[in-house]
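Just so you know, residue 1 is the first one in the sequence shown, and it goes up from there. Keep in mind that the numbers below use all heavy atoms, side chains included, and drop hydrogens, waters and symmetry copies.
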Amino acid sequence: IEDGAKKAGRKLEDIDLVGGSFVIAGKTEEEVERAKAPVRQQLAFYASTRVYHPVLEVHGWQDAGQQLFRLSMEGKWPEMGALITDEMLEEFAVIGTYDQLVSKLKARYSGIVTTLDFGFGVRSPEQAEILADLVRDLKKLNLWDEVMIADLKYFDGTLSKIDRVPPDVRSLYATAF
């Protein structure tokens, strides 16, 4: 990165290195355990896309990626979270009680990034149901494919910027996530 900055006539200090992960937190260990389920679901959503499979392969999780892809194409979203192991959560999330987070974030990112960005998952059974309804509606319109899955991931579940989705469907799900 420093070499690239020099080539561009900049210093490393001029570059904002953004990184981060999911955060799974709660006041108590019990709350932390309950907070894992939505993140498992979101990780399953991401890992179901083939463009993320090389990341899974680095960790030896390519079989899980293939299984998740198949389940996503079948619309079996509720089953997908079960394929995300505790080991996977530890790799892609910072996990702890609120009083542990600062030290865990520093241990993982200090000296690596200058800005932290965090991902947050589906927060409720209602949101999971809305996601299932959205997939059903897109399938009825023959719009459910790898491109749509990638677009939804890219736009963080927001349909408003996906032009091939009809305006009435975009409007229906405008405030879903």
May I ask whether Val113 and Leu105 are part of the same hydrophobic cluster, defined by side-chain heavy atoms of I, L, V, M, F, W, Y residues being less than 4.5 angstrom apart, directly or through others?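 In one cluster with Val113: Leu105, yes.
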Suppose we screen for salt bridge (Lys or Arg N to Asp or Glu O under 4.0 Å). Which residues come up paired with [X], at least two apart in sequence or across chains?
X	value
Asp14	none
Lys76	Glu74
Arg50	Glu146

May I ask you to decide if the ring planes of Tyr46 and Tyr52 are parallel, tilted or perpendicular, using 30° and 60° as cut-offs?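 Ring orientation of Tyr46 relative to Tyr52: tilted.
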Sequence-distant partners of Trp144, ring pair (Phe, Tyr, Trp, His ring centres under 6.0 Å), two or more places apart: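 Ring pair (Phe, Tyr, Trp, His ring centres under 6.0 Å) check on Trp144 returns Trp77.
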Taking only residues two or more places apart in sequence, or in another chain, which ones meet Phe69 in a ring pair (Phe, Tyr, Trp, His ring centres under 6.0 Å)?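 Scan of Phe69 (ring pair (Phe, Tyr, Trp, His ring centres under 6.0 Å), adjacent residues dropped) gives none.
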Can you name the side chain to side chain donor-acceptor pair (under 3.5 Å) partners of [X], sequence neighbours left out?
X	result
Gln66	His53
Arg136	Asp133
Thr115	Asp16
Asp145	Arg164

All N/O donor-acceptor pairs, side-chain side in residues 30-38, below 3.5 Å, sequence neighbours left out:
residue	atom	partner	partner atom	Å
Glu30	OE1	Thr28	OG1	3.2
Glu31	OE1	Lys27	N	2.7
Glu33	OE2	Lys36	NZ	2.8

What residue pairs, at least two apart or across chains, pass side chain to side chain donor-acceptor pair (under 3.5 Å) with a residue in residues 90-104?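 Of all non-adjacent pairs touching residues 90-104, those that pass side chain to side chain donor-acceptor pair (under 3.5 Å) are Thr97-Asp99, Thr97-Gln100.
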Within a radius of less than 6.0 Å around CD1 of Ile112, do more than 12 heavy atoms belonging to other residues, nucleotides or ligands occur?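 Enclosed: over 12 neighbouring heavy atoms sit under 6.0 Å from CD1 of Ile112.
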With a cut-off of 6.0 Å (strictly less than), are more than 12 heavy atoms of other residues, nucleotides or ligands near NZ of Lys139?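 Yes - once you tally the heavy atoms of other residues, nucleotides and ligands closer than 6.0 Å, there are more than 12.
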What pair of heavy atoms forms the shortest contact from [X] to [Y], and how long is it?
X	Y	result
Ile15	Thr114	O-OG1, 4.1 Å
Leu143	Met148	O-CB, 3.1 Å
Met80	Ala44	CE-O, 3.4 Å

Among Ile, Leu, Val, Met, Phe, Trp and Tyr joined by side-chain contacts under 4.5 Å, find the other residues sharing a cluster with Val58 and list them by chain and number.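 Grouped by the 4.5 Å side-chain rule, Val58 forms a cluster of one, so the answer is none.
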Which residue is it: Ile95, Leu101, Val39? I am looking for the one with a side chain to side chain contact (heavy atoms under 4.5 Å, CB included) to Val23.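 So the option named by the test is Leu101.
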Flag the pair Val94 / Tyr109 as yes when at least one side-chain heavy-atom distance between them is below 4.5 Å, and no otherwise.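 They are in contact (side-chain heavy atoms under 4.5 Å apart), so the answer is yes.
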Whether the side chain of Gln41 engages the backbone of Gly81 through a donor-acceptor N/O pair (distance < 3.5 Å, no angle test) should be reported.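 Yes.
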